[in-house]
Amino acid sequence: MLSASPDDALAPDWLELPSDPNDLVEGVWPASARRDADGELSIGGVGVSELRARFGTPLYVLDEGEARAHAARIKAAFDAAAAAHGTKARVYYAGKAFLSTEVARWVTQEGLRVDVCTRGELETALAAGVKPSRIGYHGNNKKVSELERAVEVGVGAIVLDSAIEIERLGAIAERLGAVQRVLLRVNSGVHAETHDFLATAHEDQKFGTPLEAAPALVERIREIPSLDLRGLHCHIGSQIFGSAGFAESASRIVELHAALREDGELPLLNLGGGFGIAYTRADDPTPIEELATAIVDAVAAECEVRGIPIPALAFEPGRAVIGQAGVTLYEVGTTKDVSLGDRGDRLYVSVDGGMSDNARPALYGSQYSARIASREGTGEPVLVRVVGSHCESGDVVVDHEYLPSDVTPGDLLAVPATGAYCHALASNYNHTPRPAVVAVRDGAARVIVRGETLADLLGRDAGIAAPAEAAPGARTGEGEA
Ligand SMILES: *Cc1c(COP(=O)(O)O)cnc(C)c1O
């Protein structure tokens, strides 16, 4: 039987044919995204043509109001869920999703703390004025120099990941005359990814320590006077939609927490991040209020069974805070109709960025959506694949989308939900300068991370002398006699 449209055979099941291929799907785009009377898209009250004229493309656009609203909503959700059981919640923004001093200030002004996992992230948070006591430090292989810096500035919690790190940090804190607050990362055996979770007794991954190995490590931490154990930590994955995996993990951790409490205080329990967001209209993440309630209820139920008080709780959302605040703007360079014979045609739309500014499709097979931003298209919806400009066939920006058939060179294309793990994972592949990040709010736009220039890129090549250094005798190559 012939399908209604030749495109149908190539479209994945989850991709709906939109009644309007110019629409802006609620929950995927920032709430401020809208089209003006001429059809041009604006974000945070700033039109995309103005953004292109002032800052060029590709361009990361971050909607400040949207980021703040998510931060505040998540904080309120966990506060309320904790208060319902007579305890407190701390919310850390996982800086690895996107970190700049500006964003660190937004989230801390909304009441969040900040998680870091490298020296660079720590210095950025400090430069933003985040109080060291409100910073958490993660990682499975923190360097001695990183731990020293973290202890010196007085970070609020270091999450210990291994037996070796316990001894290493204990010695550093002792040498610096400090008593460092720490958590121990444990591995609940629950690993969650989007819709499903997998629960095993033994998880085969690099982070944390298995549940059954934790008591001996806790005993060791408690013997070291320079370490002050506050509690356990676990993080089960990322882009998780349902609450079942979180609840299962929380129950397992509380069992351990209860046993360890018998030999000393354990006032805190950190359950990590991983709350999912919508990238396309097919994604349906559980509202954060429901997740927060389900997770805290699971902790409370397990504490009641074991007859222990509910500890203070901590959470670490990254993507859920910043993901939906980001929109990437590209310019369309070429389009190409590729015939796949009986299976139909696919329109390839090439833009002036790609896997260097968004590695997630290549790295994880992540799906995104897109819209023509500079105008409304007038053609029928056609199945497209938006691709970048890199020398890789896997350089895909949006794998499957319907766009108006008149999409054409010079159009601005906008890809929503790019606030998390896009700039953070950006590279200079193919000697591509990384784009600027511009914040928009109330009709005003300003650069918060400047774009790289060709000079930035060439300047790292020791064989390309800057004009002022080109004088004879100024060569510094190591191999020169
Ligand atoms: C990555 C990470 C997070 C944040 O994950 P999201 O999916 O962005 O919420 C939180 N905690 C830890 C330990 C992480 O590694």
Side-chain angles (χ1 to χ4, degrees), residues 67 70-71 73-75 77-78 89-99 103-104 107 112-118 120-122 125 134-142 150 155-162 165 182-188 190-195 197 203 205-209 230-243 245-246 249-250 253 268-279 283 285-288 291-292 295 313-326 358-360 363-364 366 417-425:
H70 285 276
R73 180 176 164 187
I74 294 167
K75 176 85 169 73
F78 283 107
R90 303 172 170 183
V91 180
Y92 288 81
Y93 170 60
K96 72 176 201 246
F98 180 104
L99 196 62
V103 167
V107 299
L112 274 55
R113 300 163 186 239
V114 177
D115 261 347
V116 300
C117 62
T118 59
E121 288 181 4
L122 174 63
R134 293 175 69 84
I135 296 176
Y137 205 122
H138 283 277
N140 64 301
N141 189 22
K142 308 173 197 81
V155 305
I158 295 179
V159 181
L160 292 169
D161 194 89
S162 64
E165 193 172 67
V182 296
L183 302 177
L184 177 65
R185 179 157 179 175
V186 297
N187 207 324
S188 65
V190 174
H191 189 79
E193 208 64 67
T194 304
H195 299 284
F197 76 87
E203 235 204 310
Q205 54 112 328
K206 71 173 185 172
F207 289 112
T209 187
R230 308 304 290 168
L232 300 175
H233 174 283
C234 89
H235 171 73
I236 61 168
S238 201
Q239 183 58 2
I240 301 166
F241 282 176
S243 61
F246 291 112
S249 177
I253 298 289
L268 188 66
L269 180 60
N270 187 324
L271 296 170
F275 316 112
I277 67 165
Y279 285 94
D283 292 333
T286 308
I288 194 72
L291 277 182
I295 298 168
L313 300 173
F315 299 92
E316 305 175 321
R319 185 193 316 267
V321 174
I322 203 71
Q324 207 187 319
N358 187 355
R360 294 189 66 256
L363 208 49
Y364 311 114
S366 308
T418 57
Y421 304 110
C422 288
H423 178 263
L425 284 167

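Each ligand, and each atom within it, is numbered from 1 in the order the structure gives.
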Check your understanding: Below 3.5 angstrom, do we get any N/O pair linking G318 and ligand 1?
Key -> yes
Exercise for review: Of the side chain and backbone of H138, name the one, both, or neither that has a heavy atom under 4.0 Å from an atom of ligand 1.
Suggested key: side chain
Exercise for review: Look at ligand 1 and say whether G274 reaches it with a heavy atom at a distance under 4.0 Å.
Suggested key: yes
Revision key, fill the gap. In this structure, atom 1 (C) of ligand 1 is nearest to the protein heavy atom K96 NZ, 1.3 Å
Review point. Given that the side chain starts at C-beta and the backbone is N, CA, C, O, which of these parts of A94 lies under 4.0 Å from ligand 1, counting heavy atoms, or is it both or neither?
Key: side chain
Point to revise | Passing candidate, side chain to side chain donor-acceptor pair (under 3.5 Å) with N270, options E316, R230, R90 | key: E316
Exercise for review: Report yes or no: does a heavy atom of P317 sit under 4.0 Å from some atom of ligand 1?
Suggested key: yes
Practice item. Tell me which one of E316, Q239, R319 gets a heavy atom nearest to atom 10 (C) of ligand 1. Key: E316
Review point. Under 3.5 Å, N or O to N or O, is Y421 touching ligand 1 that way?
Key: yes
**Study point:** F78 and F275 aromatic ring geometry - parallel, tilted or perpendicular at 30°/60° bounds
**Key:** tilted
Review point. If you take all heavy atoms of I295 and L271, which pair is closest and at what distance?
Key: CG2-CD1, 3.8 Å
Review point. Do H138 and H235 have their ring centres less than 6.0 Å from each other?
Key: no
Point to revise | Proximity of H235 to ligand 1 by residue part, where a heavy atom lies under 4.0 Å | key: side chain
Check your understanding: What residues form a side-chain hydrogen bond (donor to acceptor under 3.5 Å, both in side chains) with S162, not counting sequence neighbours?
Key -> none
Practice item. Answer yes or no on whether R185 is positioned over the face of F207, meaning its NZ or CZ is under 6.0 Å from the six-membered ring centre and within 45° of the axis. Key: yes
Check your understanding: Got a sec, which residues hit salt bridge (Lys or Arg N to Asp or Glu O under 4.0 Å) with E165, two or more places apart in sequence or on another chain?
Key -> K142
Exercise for review: For atom 7 (O) of ligand 1, find the nearest protein heavy atom and state the residue, atom name and distance (0.1 Å precision).
Suggested key: S238 OG, 2.3 Å
Practice item. Return yes when Y92 approaches ligand 1 closer than 4.0 angstrom through a heavy atom, no otherwise. Key: no
Review point. Quick check: does any side chain N or O of Q239 sit under 3.5 Å from a backbone N or O of I277, one acting as donor and the other as acceptor?
Key: yes
Review point. Should you measure from each heavy atom of R185, which atoms of ligand 1 turn up under 4.0 Å away?
Key: 13 (C)
Point to revise | Part of F207 with heavy atoms under 4.0 Å of ligand 1, whether side chain, backbone, both or neither | key: neither
Study note, to complete from the structure: The reported gap from NE2 in H70 to CD1 in I322 (rounded to nearest 0.5 angstrom) is 9.0 Å
